[in-house]
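To keep things clear, I will list the structure first and then write my remarks on it.
The model shown is predicted, which means the values in this text are computed figures rather than measured ones. Chain A is the first sequence line, chain B the second, and so forth, proteins listed ahead of strands; every chain is numbered from 1. Below, each value reflects all heavy atoms present in this structure, side chains not excepted, and no hydrogens, waters or symmetry copies.
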Number of protein chains: 2
Amino acid sequence: MSTSIEPSQLTAHLGYWLRYVSNAVSHAFARKLESRDVTVAEWALMRQLYETDAIAPSALSQQMGVTRGAVTKLVDRLLAKDMVVREDNPNDARAQTLALTPQGRSLVPELSALADQNDAEFFNHLAVDKRNHLEETLKDIVRRRGLTSIPLS
Amino acid sequence: MSTSIEPSQLTAHLGYWLRYVSNAVSHAFARKLESRDVTVAEWALMRQLYETDAIAPSALSQQMGVTRGAVTKLVDRLLAKDMVVREDNPNDARAQTLALTPQGRSLVPELSALADQNDAEFFNHLAVDKRNHLEETLKDIVRRRGLTSIPLS
DNA sequence: TATTGTTATACTCTATAACTATA
DNA sequence: TATAGTTATAGAGTATAACAATA
């Protein structure tokens with residue numbers, strides 16, 4: 001089922017289209033998040049914390065697929081916004097745990113609604129089974145990511 | 001078909017997974033491109049030029065879904081690397097046309113091979129029909145992008 | 001020695017908006 | 001006035017690598 005969007009076999013790469021769509025979706029989402037003074041990466045972190053409250057930064061970095069340094073920076077920002085708390089681990093003076101503040105926790109559903117709205121703009125025209133397919137396929141790739149190289153430094 | 005990756009309805013967003021996977025794929029690809037001294041965005045531009053040689057920067061920016069300013073910067077870099085040429089349009093002194101140099105053109109298949117290799121790492125475990133589905137769905141979204149907001153400034 | 005988290009540094013990618021030259 | 005392209009500025013997002021503290 002070739003279309004005018006695919007003029008050459010040489011340049012038909014899934015990674016390319018993935019990046020193209022992801023950039024557009026994330027950019028539109030960033031605009032929506034501006035109203036709540038949250039960035040996309042901050043949202044991703046809060047979303048993860050919402051699920052696994054409380055968690056060590058190192059574990060979070062692995063779940064998010066980014067470095068510990070990146071987590072440090074995001075958390076610094078979210079601390080300043082009173083969205084998360086950082087606590088020392090009494091059992092290991094090197095370790096910490098992160099958790100959402102009540103304020104942060106209550107914001108997540110609002111952000112989630114914006115994400116739903118953003119999703120709708122980009123994916124609602126797809127048939128339901130196509131949408132589900134896309135979701136399953138993406139998660140399938142995530143499950144496999146151990147096989148490939150994501151920075152964990 | 002719920003899995004441990006989806007612990008909450010509240011946080012099941014396609015945009016989230018798209019970004020997660022896209023980041024991982026692009027990062028791994030960036031590492032591969034380093035050996036040719038090309039970045040991912042430069043590759044995207046060269047890929048587009050490969051298909052529509054020669055083209056105006058403004059048209060290219062629309063095809064790529066980025067601003068004209070972004071194209072200017074990428075082209076500046078690719079000029080320095082002798083990958084593209086920038087020519088004045090004799091019919092309109094404001095306009096230009098961009099094209100790949102012979103060197104740039106000959107590099108594209110090499111980069112394409114790296115992209116294939118990268119795709120393989122992330123998508124080969126998927127059944128063929130799932131992979132095709134993913135590609136079609138992504139292109140489907142791109143076709144619709146006129147409906148949503150991509151910066152064109 | 002290994003691990004946890006931080007920090008310094010440096011990119012890439014991209015936008016916004018003002019600007020210049022031309023139409 | 002409108003359009004083509006440039007530029008100045010800024011910020012998000014992220015990595016790498018060295019570091020300090022602790023285990």
>> Strictly below 4.0 Å, N to O, side chains only: are K139(B) and E135(B) in salt-bridge contact?
In response: yes
Which pairs, protein N/O on one side and nucleotides 9-13 of chain D N/O on the other, fall under 3.5 Å?
{"unit_1": "dG13(D)", "atom_1": "OP1", "unit_2": "V40(A)", "atom_2": "N", "d": "3.2"}
{"unit_1": "dG13(D)", "atom_1": "OP1", "unit_2": "A41(A)", "atom_2": "N", "d": "3.0"}
{"unit_1": "dG13(D)", "atom_1": "OP2", "unit_2": "T39(A)", "atom_2": "OG1", "d": "2.6"}
{"unit_1": "dG13(D)", "atom_1": "OP2", "unit_2": "R77(A)", "atom_2": "NH2", "d": "3.1"}

> Relative to each other, are the rings of W43(A) and F29(A) parallel, tilted or perpendicular (30° and 60° limits)?
Replying inline: perpendicular
>> Output the rounded distance in Å from CG (L98(A)) to P (dG5(C)).
In response: 8 Å
> Starting at CD of E87(A) and ending at P of dT4(C), how long is that distance when rounded to a whole Å?
Replying inline: 19 Å
>> Rounded at 0.5 Å granularity, tell me how far CG in L78(B) sits from CD in E42(B).
In response: 4.5 Å
> Rounding to a whole Å, what distance do you find between R31(A):CZ and dA15(C):C1'?
Replying inline: 8 Å
> Just to confirm, is there a sub-4.0 Å distance from OP1 or OP2 of dG5(D) to any side-chain nitrogen or oxygen of S58(B)?
Replying inline: yes
> Is the closest side-chain donor-acceptor distance between H13(B) and S112(A) under 3.5 Å?
Replying inline: yes
> Expressed in angstrom and rounded to an integer, what is the separation of E34(B) atom CD from dT14(D) atom C1'?
Replying inline: 13 Å
> In terms of side-chain heavy atoms of H27(A), which of dA15(C), dT16(D), dG5(C) is nearest?
Replying inline: dA15(C)
>> Taking the cut-offs as 6.0 angstrom to the six-membered ring centre and 45 degrees off its axis, would you call R105(B) and Y50(B) a cation-pi pair?
In response: yes
> Taking side chain as C-beta onward, heavy atoms only, is L138(A) less than 4.5 Å from L18(B)?
Replying inline: yes
> In whole angstrom, what separates L60(B)'s CG from dG5(D)'s C1'?
Replying inline: 13 Å
>> Determine whether K32(A) and E121(A) satisfy the following criterion, salt bridge (Lys or Arg N to Asp or Glu O under 4.0 Å), listing intermediate values before the conclusion.
In response: CA-CA 12 Å; K32(A) 293 182 180 66; E121(A) 284 176 21; 3.3 Å; yes
>> Whether T67(B) contacts dA15(C) is assessed here as follows: a side-chain N or O lying under 4.0 Å from the phosphate OP1 or OP2. Is that the case?
In response: yes
> Can we say R131(B) and E136(B) salt-bridge, meaning some charged N sits less than 4.0 Å from an Asp/Glu carboxylate O?
Replying inline: no
> Whole-Å distance between dT14(C) C1' and F29(A) CZ?
Replying inline: 18 Å
>> Just N and O in the side chain of R68(B): are any of them under 4.0 Å from OP1 or OP2 of dA18(C)?
In response: no
>> Tell me whether K73(A) is salt-bridged to D76(A), with the criterion being a basic N under 4.0 Å from an acidic carboxylate O.
In response: no
Provide a list of protein-nucleic acid N or O atom pairs under 3.5 angstrom, restricted to nucleotides 20-23 of chain C.
{"unit_1": "dA23(C)", "atom_1": "OP1", "unit_2": "A93(B)", "atom_2": "N", "d": "2.8"}

> Tell me: CD of Q96(A) to C1' of dT22(D), nearest whole Å?
Replying inline: 13 Å
> Which part of the nucleic acid, if any, lies within reach of T72(A) when heavy atoms closer than 4.0 Å are counted: base, sugar-phosphate only, or nothing?
Replying inline: base
